[in-house]
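A quick note: this is a predicted structure, and the numbers were derived from the prediction, not measured. Position 1 is the first residue of the sequence, and the numbers go up from there.
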Amino acid sequence: HGQKIFSQPRELLATIPHLEIKEAREAGVCCGSAGIYNLVNPKEASELGQIKVNDLKETGPELIASANIGCTIQIRRHLNNELLVAHPMEILASSAGLKKFPGI
């Protein structure tokens with residue numbers, strides 16, 4: 001959000017053959033882990049994290065891409081290992097055979 005990067009990761013992922021991108025309905029809504037928000041407001045941050053994960057799961061994903069480490073940690077926490085969450089560059093590397101992830 002802070003860097004105003006939105007289309008570039010999506011454009012990169014769209015170049016990967018056989019990868020279908022499904023956008024969450026509320027993709028721009030915070031996961032509750034911005035800065036130190038999750039430390040100073042843990043209850044509210046946890047509620048936001050669960051809302052984010054529910055929204056993501058509604059797309060029926062096999063994998064979730066997240067370029068923000070705070071979001072990645074928050075999403076993983078609320079997924080309870082149900083799905084893999086990977087950085088777009090990890091997904092790109094896997095598609096090129098440079099790194100292997102289960103499910104990619």
Side-chain angles (χ1 to χ4, degrees):
H1 288 290
Q3 294 178 322
K4 309 261 189 269
I5 296 172
F6 181 81
S7 62
Q8 296 89 337
R10 289 160 175 79
E11 291 167 6
L12 175 74
L13 291 172
T15 67
I16 298 173
H18 311 293
L19 183 72
E20 179 185 355
I21 298 172
K22 298 177 182 180
E23 193 75 38
R25 193 170 25 102
E26 301 286 342
V29 174
C30 181
C31 70
S33 190
I36 62 166
Y37 184 80
N38 59 339
L39 300 175
V40 296
N41 296 297
K43 182 180 182 298
E44 294 85 352
S46 182
E47 291 170 1
L48 286 170
Q50 192 59 57
I51 290 168
K52 174 60 84 178
V53 164
N54 291 344
D55 187 37
L56 290 166
K57 286 169 63 175
E58 283 182 15
T59 67
E62 295 177 22
L63 162 74
I64 295 174
S66 173
N68 179 296
I69 189 63
C71 293
T72 299
I73 292 168
Q74 180 80 317
I75 292 166
R76 283 180 180 160
R77 175 176 169 230
H78 290 281
L79 278 173
N80 297 318
N81 294 317
E82 291 177 49
L83 293 164
L84 178 67
V85 182
H87 192 281
M89 294 308 293
E90 292 176 306
I91 298 169
L92 182 64
S94 183
S95 76
L98 300 174
K99 188 165 186 165
K100 214 48 188 150
F101 288 96
I104 301 179

Those residues that, when tested against N54, pass side chain to side chain donor-acceptor pair (under 3.5 Å) (two or more places apart):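 Partners of N54 under the side chain to side chain donor-acceptor pair (under 3.5 Å) test: Q50.
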Which residues satisfy the side chain to side chain donor-acceptor pair (under 3.5 Å) test with E23, sequence neighbours excluded? R10
Pairs involving [range], ordered by first then second residue, that meet salt bridge (Lys or Arg N to Asp or Glu O under 4.0 Å) (sequence neighbours left out):
| range | answer |
| --- | --- |
| residues 78-88 | K57-E82 |
| residues 27-39 | none |
| residues 28-41 | none |

Other hydrophobic cluster members with I73, side-chain heavy atoms of Ile/Leu/Val/Met/Phe/Trp/Tyr under 4.5 Å, chained?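 Members besides I73, by chain and number: I69.
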Below 3.5 Å, can you tabulate the donor-acceptor pairs from side chains in residues 24-37 to any protein atom, sequence neighbours excluded?
| unit_1 | atom_1 | unit_2 | atom_2 | d |
| --- | --- | --- | --- | --- |
| R25 | NH2 | E58 | OE1 | 3.1 |
| S33 | OG | N38 | ND2 | 3.4 |
| S33 | OG | G70 | O | 3.3 |

Quick check: does any side chain N or O of N68 sit under 3.5 Å from a backbone N or O of C71, one acting as donor and the other as acceptor? yes
Could you walk me through whether S66 and Q74 satisfy the side chain to side chain contact (heavy atoms under 4.5 Å, CB included) test, starting with their C-alpha distance in whole Å, then the side-chain angles of each, then the deciding distance to 0.1 Å, before giving a yes or no? CA-CA 10 Å; S66 173; Q74 180 80 317; over 6 Å; no
Would you kindly confirm whether L63 and M89 end up in one hydrophobic cluster when ILVMFWY residues are joined by side chain heavy atoms under 4.5 Å apart?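 Linked within one cluster.
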Which residues pass the side-chain contact (heavy atoms from CB on, under 4.5 Å) test with [X], sequence neighbours left out?
| X | result |
| --- | --- |
| E47 | K43 |
| I64 | L56, P61, I75, L79, L83, V85 |
| L19 | L13, I16, I91 |
| Q8 | I5 |

With sequence neighbours left out, the residues meeting salt bridge (charged side-chain N to carboxylate O under 4.0 Å, His left out) with K22 are none
